[in-house]
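Throughout, a chain's letter reflects where its sequence line sits, starting with A, and its residues are numbered from 1.
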There are 2 protein chains.
Amino acid sequence: MVSSVWTRERPRAGLSQDRIVAAAVELLDADGLEALSMRTLAARLDTKATSLYRHVANKDELIELVVDEVYGEMEVVASGPWRSSVADAARSLRAMVLRHPWVASVLGQVGLAELGPNLSDRSARLLALFTDGGFPGEEADLAMKTVLGYVVGMTVSEAAYVQLLARTGQDEEELTAHGVTSKALRDKTFEYGLERVLKGLGD
Amino acid sequence: MVSSVWTRERPRAGLSQDRIVAAAVELLDADGLEALSMRTLAARLDTKATSLYRHVANKDELIELVVDEVYGEMEVVASGPWRSSVADAARSLRAMVLRHPWVASVLGQVGLAELGPNLSDRSARLLALFTDGGFPGEEADLAMKTVLGYVVGMTVSEAAYVQLLARTGQDEEELTAHGVTSKALRDKTFEYGLERVLKGLGD
DNA sequence: CGCGTCATGCGAACACTGTACGCAGATCGC
DNA sequence: GCGATCTGCGTACAGTGTTCGCATGACGCG
């Protein structure tokens with residue numbers, strides 16, 4: 001059969017790891033972690049589940065890829081004094097997790113243990129912020145881990161809460177009225193802690 | 001049939017939520033999160049899976065119960081200045097998570113959102129440490145969340161790493177030789193960050 | 001003591017999961 | 001043009017959480 005532009009219809013164009021990972025992120029953002037099955041993911045790419053295994057070893061590897069993919073959204077740039085650069089990076093990481101709350105659910109499983117290219121790149125750049133800021137060799141690493149720890153911990157709790165919102169279908173206003181933390185308060189809480197942590201790291 | 005001590009054999013003695021939760025913790029500690037299925041858990045209690053549903057609504061509810069159960073191992077006591085009491089509580093929380101690394105895998109799902117009795121008790125006591133330490137009303141809450149955030153984040157990463165160790169079957173020495181962090185270094189890292197965070201919270 | 005009510009255990013079944021295997025067809029290098 | 005390699009997929013299997021209905025035992029009350 002002649003392979004015209006029309007026979008190879010639009011959204012197929014051949015499976016690839018990139019396309020699979022991108023579709024997985026979409027699905028996770030839309031429906032959460034438990035909605036991600038190899039079959040539903042395949043359907044979205046209109047294929048069958050077993051085809052995915054040509055490009056991805058198994059579901060666990062897929063999840064690692066997906067996590068590293070969203071780590072790519074974390075921005076860490078040197079601009080001005082180390083404190084403000086680090087604070088911006090911290091805010092960017094938090095924003096990423098809140099955009100993709102399912103990340104919180106898998107962080108404990110993948111953790112920062114196996115590092116994909118995006119994560120290791122961001123770690124290196126963050127580390128550089130500290131060394132450039134005057135932290136002596138080994139201490140830069142400790143300082144970096146301290147703020148990463150703070151941001152991850154704080155944000156995991158937030159994301160779990162956001163997912164709870166989504167699951168129960170309530171919107172935030174409603175729960176806020178019942179005394180649960182609001183977005184504005186969570187922002188303030190995060191900023192408070194961040195400021196203190198950074199202050200503690202300064203000599 | 002006469003119900004002698006021998007006919008109702010030892011480890012049965014009737015199912016109960018407590019017994020189920022205790023067995024689940026054992027199983028999780030021994031074989032990790034993915035080894036926990038309703039059927040394997042039932043087998044350990046020698047029963048069948050469906051019997052568990054008389055005492056537990058869901059697997060999800062079971063997990064909430066199990067998480068709150070281990071939160072009970074966290075010790076928070078007031079002794080001396082707030083800094084050292086808070087530091088001890090932080091160390092206790094970390095030790096608990098490292099004893100039960102699977103907690104890290106589910107923290108993102110349950111989070112600190114739905115709080116069981118143990119968790120809410122520990123939170124209250126921790127908060128009291130700050131208010132007694134002189135933190136004005138609202139700030140005590142912010143400070144508490146800051147150190148909780150730090151401990152959770154740092155520890156989740158550690159636990160993920162510990163689970164990686166267990167999964168790959170390697171012992172720590174071997175990996176350490178390849179440049180991965182050792183237990184001693186992780187202890188030091190945690191203490192460094194904890195100290196800085198507490199310092200940042202002091203005025 | 002006896003009878004009814006209720007709690008508990010469980011067998012069977014359902015919809016769904018991740019994944020191994022082997023076959024077909026397309027694609028690409030020579 | 002031909003052979004090898006790559007890609008998609010149908011089928012199948014073991015395992016999952018959970019529901020439903022039945023049976024059997026314990027317990028309260030007359």
Report, as yes or no, whether the 6.0 Å neighbourhood of atom CD on E75(B) holds more than 12 heavy atoms from other residues, nucleotides or ligands.
no
In terms of side-chain heavy atoms of N58(A), which of dT19(C), dG8(D), dG17(D) is nearest?
dT19(C)
Would you mind classifying the nucleic acid contact of S51(B) as base, sugar-phosphate or nothing, using non-hydrogen atoms under 4.0 angstrom?
base
The reported gap from CE in M74(B) to CG in L126(B) (rounded to nearest 0.5 angstrom) is 5.5 Å
Interatomic distance, E61(B) CD vs dT18(D) C1' [rounded to whole Å]
14 Å
Rounding to a whole Å, what distance do you find between L15(B):CG and dC10(C):P?
8 Å
May I have the distance from R54(A) (atom CZ) to dA24(C) (atom P), rounded to whole angstrom?
14 Å
Closest approach to the side chain of M38(A), judged atom by atom: which nucleotide of dT18(D), dG18(C), dG9(C) is it?
dG18(C)
Can you list, by residue number, the residues of residues 28-36 of chain B that have a non-hydrogen atom closer than 4.0 angstrom to DNA chain D?
L36(B)
Which of the following nucleotides, dC22(D), dT19(D), dT19(C), is nearest to the side chain of T50(B)?
dT19(D)
At under 4.0 Å, does any side-chain N or O of H55(A) touch on OP1 or OP2 of dG8(D)?
yes
Tell me the interatomic distance from Y53(B), atom OH, to dG21(D), atom P, rounded to whole angstroms.
17 Å
Test of understanding: with salt bridge (Lys or Arg N to Asp or Glu O under 4.0 Å), list the residues that count as partners of E195(B), not counting sequence neighbours.
none
dG15(D) base / R39(B) side chain donor-acceptor hit below 3.5 Å:
no
Atom pair CG/CD of D68(A) and E64(A) - distance to nearest 0.5 Å
9.5 Å
Between CG of L52(A) and P of dT17(C) the distance, given in whole Å, is 13 Å
Nearest to the side chain of T47(A), heavy atoms from C-beta on, is which of dG8(D), dG9(C), dT17(C)?
dG8(D)
I want to verify a distance call: between dG18(C), dT16(D), dT17(C), whose nearest atom is closest to the T40(A) side chain?
dT17(C)
Can you tell which of dG18(C), dG10(D), dG11(C) lies closest to the side chain of K48(A)?
dG10(D)
In whole Å, what is the span from the CZ atom of R19(A) to the C1' atom of dT7(D)?
14 Å
Expressed as a whole number of angstroms, how long is the span from D60(B):CG to dG17(D):P?
10 Å
In a check of salt bridge (Lys or Arg N to Asp or Glu O under 4.0 Å) between E191(B) and each of R196(B), R91(B), R186(B), R94(B), which one passes?
R91(B)
Nearest whole angstrom, please: distance from the C1' of dG9(C) to the CD1 of I20(B).
11 Å
State whether the side chain of K59(A) and the backbone N or O of L36(A) hold a donor-acceptor pair below 3.5 Å, judged by distance alone.
yes
Is it the case that the side chains of S120(B) and S123(B) hold a donor-acceptor pair, with the cut-off being a distance below 3.5 Å and no angle test?
no
